[in-house]
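Just so we're on the same page: letters track the sequence lines, and every chain starts at 1.
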2 protein chains.
Amino acid sequence: MSFELTKNAQVEIITIGDEILIGQIVDTNSAWMAKELNAIGLSVVQITSISDSREAILSTIDLAGKRAKVVLITGGLGPTKDDITKATLMDYFGGEPVFSEAQYEEVEKLFKSFGRDVSAINRKQAEVPSSCRILVNSRGTAPGMWFEKDDTIYISMPGVPYEMKWLMESQVIPALKSRLILPVIEHKTFLTQGVGESMLSEWIETWENNLPHHIKLAYLPSPGLVRLRLSAFGDDALSLSADLEAQAKGLYELVGEHIYGEGDISFAEVIQKLFLEKNLSLSLAESCTGGNIAHLLTEVAGSSAYFKGGAVTYSEELKKSILGVSQETIEQYGVVSEQVVTEMAQGARLKFGSDYSIAVTGIAGPDGGSEEMPVGSIWIGIGTPRGVIAKLHRFSTNRSRNITMASLSAFKMLRKAIHES
Amino acid sequence: MSFELTKNAQVEIITIGDEILIGQIVDTNSAWMAKELNAIGLSVVQITSISDSREAILSTIDLAGKRAKVVLITGGLGPTKDDITKATLMDYFGGEPVFSEAQYEEVEKLFKSFGRDVSAINRKQAEVPSSCRILVNSRGTAPGMWFEKDDTIYISMPGVPYEMKWLMESQVIPALKSRLILPVIEHKTFLTQGVGESMLSEWIETWENNLPHHIKLAYLPSPGLVRLRLSAFGDDALSLSADLEAQAKGLYELVGEHIYGEGDISFAEVIQKLFLEKNLSLSLAESCTGGNIAHLLTEVAGSSAYFKGGAVTYSEELKKSILGVSQETIEQYGVVSEQVVTEMAQGARLKFGSDYSIAVTGIAGPDGGSEEMPVGSIWIGIGTPRGVIAKLHRFSTNRSRNITMASLSAFKMLRKAIHES
């Protein structure tokens, strides 16, 4: 038996267990699996989360198998829930329980590392239906199981993320690649900031409509950002890459000034790369973003190589004592003003001894707005060796959104200032 | 038409859009919705993610409607994808497009706040099928739509989390509560920090096994925290609350020292409440947490009433110049030491003029560890009017986890210091 999937091969993912259905955990497994499958040219067309009841498992597997060439099943294999899922799979695919010495060795090894003996309930973890090919799990007690029926592949894996990931990377992905004839697929992702999805789509409409048939565009929005992903399908990776490059040119001509990077990286990573390349240093003076900019930068490993530090100056006194903003400026112009953000940016550069600085002062909300300075009014200043570039932004009425938008807008201004220097 | 759902009413969630299927975003909406629905006595039995293709939408809605009393649909309503989902819903439920003045006003208001006119594509956002009751969305352009067919309720909402949450809280949940006969359900949530799920479950095993049949316990873990949620089902809210109070006593006797609060609030909100009640002020000196503590505190509206600000002193120079840590201390004990964290905590209190302070210095990773100070070693100091309380923590090898754990552990130490003062 061999499958030929020359076009988008269809995959479905089924997650079994109550944790997702009661909102106890967020299903991060499916997103991770979908990304990995996409990278080898497999498309996920449906993800279904169900409880570990016999009836739900049977009907969901049956429906998925009718639609998809590959069905990946995660969860429902813990020692306490073992019976339902594994027994149901055996009913559906046939066979009888067989004991796997190879898996039992892994179970024993694991228990030994905790200084404990294998209990009866965990011994059963090493049993699988004879109708499957076992995928031995050396990261946990529950093995993976590979079934085939009516031209569809079904793979059951434990739901613990790091066990599932290990099985996928070491066994499932390689086996799928050798078992299926997959299309070649190439991606190119453009990171944009500061323009909404609808405006972007208006600006690039003609370009988008003229994309060749084998190239598809996806809008991938997240708060404050839109990723544009081009995917090219075909037979030859090199020519697909060339096709993508050609289309990229057209995109840069239309919206190049809003593209801050390519690939699957964060804006903070783009900033870090830029600062390291140019051997520059950065400091911060945050008021209404309250440490979020510092947090975004320092989430990235290696940030200490260019990021010196910063001040979160929520109170007026600290704006004066730490950053050297003058009392007169605050009195004359107000604390949310071009003059104050400029002095904050200058103060940060001087006091913290950095080449560049970001300063933010504004009204994140929900309270504190006035008629001329409503909630969402935020001044951002970029301190540079040639002076401060300041701009007033008007975001939304939502505090958390304002903090995010101000942080990303600051990165955009900073990047521009460096590129134009 | 009126539904009687005296027991757990069955709900299905359908998410429409490629973002989840290609692994670009994790589906956090469904978990949030499931939690909210659980809280009013509704059970989610299936979550299905599909692409915005007409065929997938039609077959999925049809299957879900046969199984569930309530079908919640999110996504697929962005201005660029509008046509498929909304048109498909109109095909399925019947009717013709009608223009909603009320939604258009919201669209206009939104565009006006950006200083722009409404484009044709966004004008169409205000159109809905005549077969639905419109749920006006004042947080975005796409309205919610409430359909009913064959004794099942179908509600379509935009996929943008904060728009969906606003619609759910302000319109969908209240409407479901008045439309359905739901069981009386009372919850009590206990927030614990610093103890893992498996250890907690061992400590409270006997108490948990002795819970009466109408009270259920759920473990809701998130990084660094475990929420314990007791849910009581019955007919009378008052007696259920009394039952929960009685069980709470037993829980506090077993693990009271790890419970930092009750309800569905964050640790930062607990800290804010405490500081406001006692009329105290706080400042920060963060090194390896890189602004995350400041960010967690300032995410909460009203934090400026007690939080003065802080310094993110990534570099040694800033630890000295901003916080007044001495060169000798750093040389003698190293930058990750009890002595340095103590001077940082003292420096923050003095320089920033606050009653209390939090100071953190450690090795977040992935690099920078040594044999005696491996990655994950983090000193936390709490500056109080009576001196500094410092403690060395050993977390994990994961940078992001270390930052989260250090931040939450600092809150736990701070809360304890204030309660014991």
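No more than 12 heavy atoms of other residues, nucleotides or ligands sit less than 6.0 Å from atom CG of Asp117(B).
With a threshold of 4.5 angstrom between heavy atoms, Ser303(A) approaches chain B through its backbone and through its side chain. With a 4.5 angstrom heavy-atom cutoff, Glu286(A) does not touch chain B via any of its atoms. Only the side chain of Ile322(A) comes within less than 4.5 Å of a heavy atom of chain B; its backbone N, CA, C and O stay farther away. With a threshold of 4.5 angstrom between heavy atoms, Glu202(A) approaches chain B through side-chain atoms but not through N, CA, C or O. In this structure, chain B has no heavy atom under 4.5 Å from any part of Leu296(A). When heavy atoms are compared at a cutoff of 4.5 Å, Thr28(A) approaches chain B by way of both its backbone and its side chain. In this structure, chain A has no heavy atom under 4.5 Å from any part of Lys319(B). Heavy atoms closer than 4.5 Å to chain A are found nowhere in Glu36(B), neither backbone nor side chain. In this structure, no portion of Asn29(A) lies under 4.5 Å from any heavy atom of chain B. For Ser51(B), the part sitting under 4.5 Å from any heavy atom of chain A is the backbone (N, CA, C, O) and nothing else.
When every heavy atom of Asp27(B) is checked against every heavy atom of Val26(A), the shortest pair comes out as O-CG1, 3.7 Å. Nearest approach of Thr48(B) to Gln46(A), heavy atoms of both residues: CG2-NE2, 3.1 Å. Considering all non-hydrogen atoms of both residues, Lys308(B) and Leu318(A) come closest at O-CD1, 3.3 Å.
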Assess whether side-chain contact (heavy atoms from CB on, under 4.5 Å) is satisfied between Ile47(B) and Ile20(A), documenting all intermediate values.
CA-CA 9 Å; Ile47(B) 301 166; Ile20(A) 293 167; 3.8 Å; yes

